[in-house]
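Only this structure's heavy atoms are used, side chains among them; waters, hydrogens and symmetry mates stay out.
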Amino acid sequence: MNKSPIILGIETSCDETAVSIIQDNESGIPKILSNIVSSQFDIHKEFGGVVPELAARSHVEKINLIAKKALDESGVTLDKISAVAATSGPGLIICLSVGLNFAKSLASSLKVPFIGVNHLEGHALSPKLHTNISYPYLLLLISGGHSQFLSVNGLGSYTRLGTTIDDALGEAFDKTAKLLGIEFPGGPNLEKFAEKGDPNKFKLPKPIINKGGCNLSFAGLKTAILRTTKYINSEQEKYDLAASFQKTIEEILCIKSKVAFKEFSKNSVKEKFFVVAGGVAANQGIRRKLIQICNENNFTPIFPDIKLCGDNAAMIAFVGLEKYKIKKFDKLDLKANPRLALDANAIFLKGSGVRL
Ligand code: KG4
Ligand code: ZN
């Protein structure tokens, strides 16, 4: 086995075609030799959301080019690649299949191991691409499809402490943005929009805030936004509603994170880290507020670099590298799994029948 393995990672679970090449390093923090992310904003903009068939077609058209670009930028030749890793789930099945099939073909032609990676594990371990933190740590994963508090106990070992019972936080940002007429992609644009508004103008609900442990709920908030948009008539009021939404989210996350702190602290952990990962972790207001509560509660806040918050292949290559080190390879018949979870033992908590 190569002393400093080089992993080529591929991510195509949704609307980003991404390829990255990383190399192991004695420091424990691998070197990112290249990290190419091609977003499809322009393709989906006119539909106000991701259209799976268009996303998959675009992955097929671009994957070769992006892989070549990643190789060129890294200066690595194909014969130096130790293994090929690709996201196998969760995500859109026709999109996952593109990256997965590409990875399998490449691995078999290079005669190197193929490794399937859980996309959520990529987000969960992404801070390890630049910080040397030890397990276990508390994770708040906030992305377009997921919102969960987890104890990250080690590679492949997760305990879910709380999850959303309805919408994901990124979804709430995107839907609110759409209601306010903000251009796709909603999340990052809404944050800028909110800066011009009064965060105290509208009082919005905080669903299940005093119950359900650190489980989360955002659907009622979205309904309240929909109701309120019917009564606003000026541009300034739109800014105010965006600002009030941003403030409400910050408050919900602070209250629920403190519940998760207590839950996580039941294990006696020497130094307590709070990692916030996933696309929504790029939100500056959320970052500021969560750093503040970490300081007040003896947790060390860790946020992945902004370019590693959204979907990327460096995080997939990293999980691939960790699996490569323990020879956890996959067979070429591994199937894409659109519902792959991190904590397989956690019960399904979605829908109107949920009891908290
Ligand atoms: O992790 P990610 O890139 O893809 C998924 O795995 O889902 O997350 C994408 C989500 C989208 O909903 C996007 O609107 C949201 O992250 N997002 C943000 C910000 N940047 C991205 N939400 C709020 N504020 C931001 N600055
Ligand atoms: Zn993601």
Side-chain angles (χ1 to χ4, degrees), residues 9-20 36-67 69-70 86-104 116-120 122-123 141-147 164 166-193 218-219 222-223 225-226 229 242 245 278-283 307 309-313 315-316 335-341 350-351:
I10 298 172
E11 156 62 34
T12 61
S13 66
C14 190
D15 59 341
E16 262 93 26
T17 316
V19 180
S20 170
I36 312 292
V37 181
S38 171
S39 297
Q40 304 176 355
F41 294 149
D42 291 342
I43 295 172
H44 305 290
K45 198 154 70 180
E46 63 176 296
F47 304 99
V50 177
V51 183
E53 288 76 12
L54 297 182
R57 191 186 302 175
S58 175
H59 288 312
V60 172
E61 283 166 4
K62 283 197 267 182
I63 186 95
N64 260 308
L65 194 76
I66 301 298
K69 211 168 162 189
T87 305
S88 62
L92 300 166
I93 191 147
I94 51 173
C95 294
L96 289 165
S97 303
V98 178
L100 213 50
N101 289 336
F102 186 88
K104 288 175 186 174
V117 173
N118 182 328
H119 177 86
L120 303 178
H123 280 303
L141 174 58
I142 36 179
S143 69
H146 297 85
S147 299
T164 178
D166 40 57
D167 292 349
L169 184 52
E171 205 178 340
F173 264 95
D174 295 339
K175 286 180 179 167
T176 300
K178 206 169 176 181
L179 289 170
L180 289 170
I182 299 172
E183 198 174 64
F184 179 81
N189 288 336
L190 189 143
E191 192 185 4
K192 288 185 213 123
F193 207 78
F218 300 109
K222 182 188 65 196
T223 311
I225 299 275
L226 173 65
T229 48
F245 171 80
V280 189
N283 185 290
K307 62 178 186 308
C309 283
D311 289 347
N312 65 87
M315 66 183 193
I316 304 304
K335 286 189 176 57
N337 179 354
R339 302 191 70 90
L340 198 59
K350 266 193 179 177

Shortest non-hydrogen contact from [X] to [Y]?
X: A219; Y: D166; result: N-OD1, 3.1 Å
X: D311; Y: S13; result: OD2-OG, 4.3 Å
X: L120; Y: L141; result: CD2-CD2, 3.8 Å

Subject >> Point-to-point distance, once rounded to the nearest 0.5 Å, from CG of N337 to CG of N118 >> reply: 8.5 Å
**OP:** To the nearest 0.5 Å, tell me how far I225 CD1 sits from K178 NZ.
**Re:** 15.5 Å
Test item: [X] and [Y] side chains (from C-beta on) under 4.5 Å apart, heavy atoms:
X: S58; Y: L54; value: no
X: L100; Y: T87; value: no
X: L96; Y: H119; value: no
X: P90; Y: H146; value: yes
X: L92; Y: V50; value: yes
X: I10; Y: I316; value: no
X: S20; Y: I36; value: no
X: N283; Y: F173; value: yes

**OP:** Please identify each residue that fulfils salt bridge (Lys or Arg N to Asp or Glu O under 4.0 Å) with K45, with sequence neighbours left out.
**Re:** D42
**OP:** Could I get the full list of salt bridge (Lys or Arg N to Asp or Glu O under 4.0 Å) partners for K222, not counting sequence neighbours?
**Re:** D167
Subject >> S38-Q40 side chain donor-acceptor pair, cut-off 3.5 Å >> reply: no
Original post:
Does a side chain donor of either H59 or D15 reach within less than 3.5 Å of an acceptor in the other side chain?
Top reply: no
Original post:
Does F184 have its ring centroid less than 6.0 Å away from the ring centroid of F47?
Top reply: no
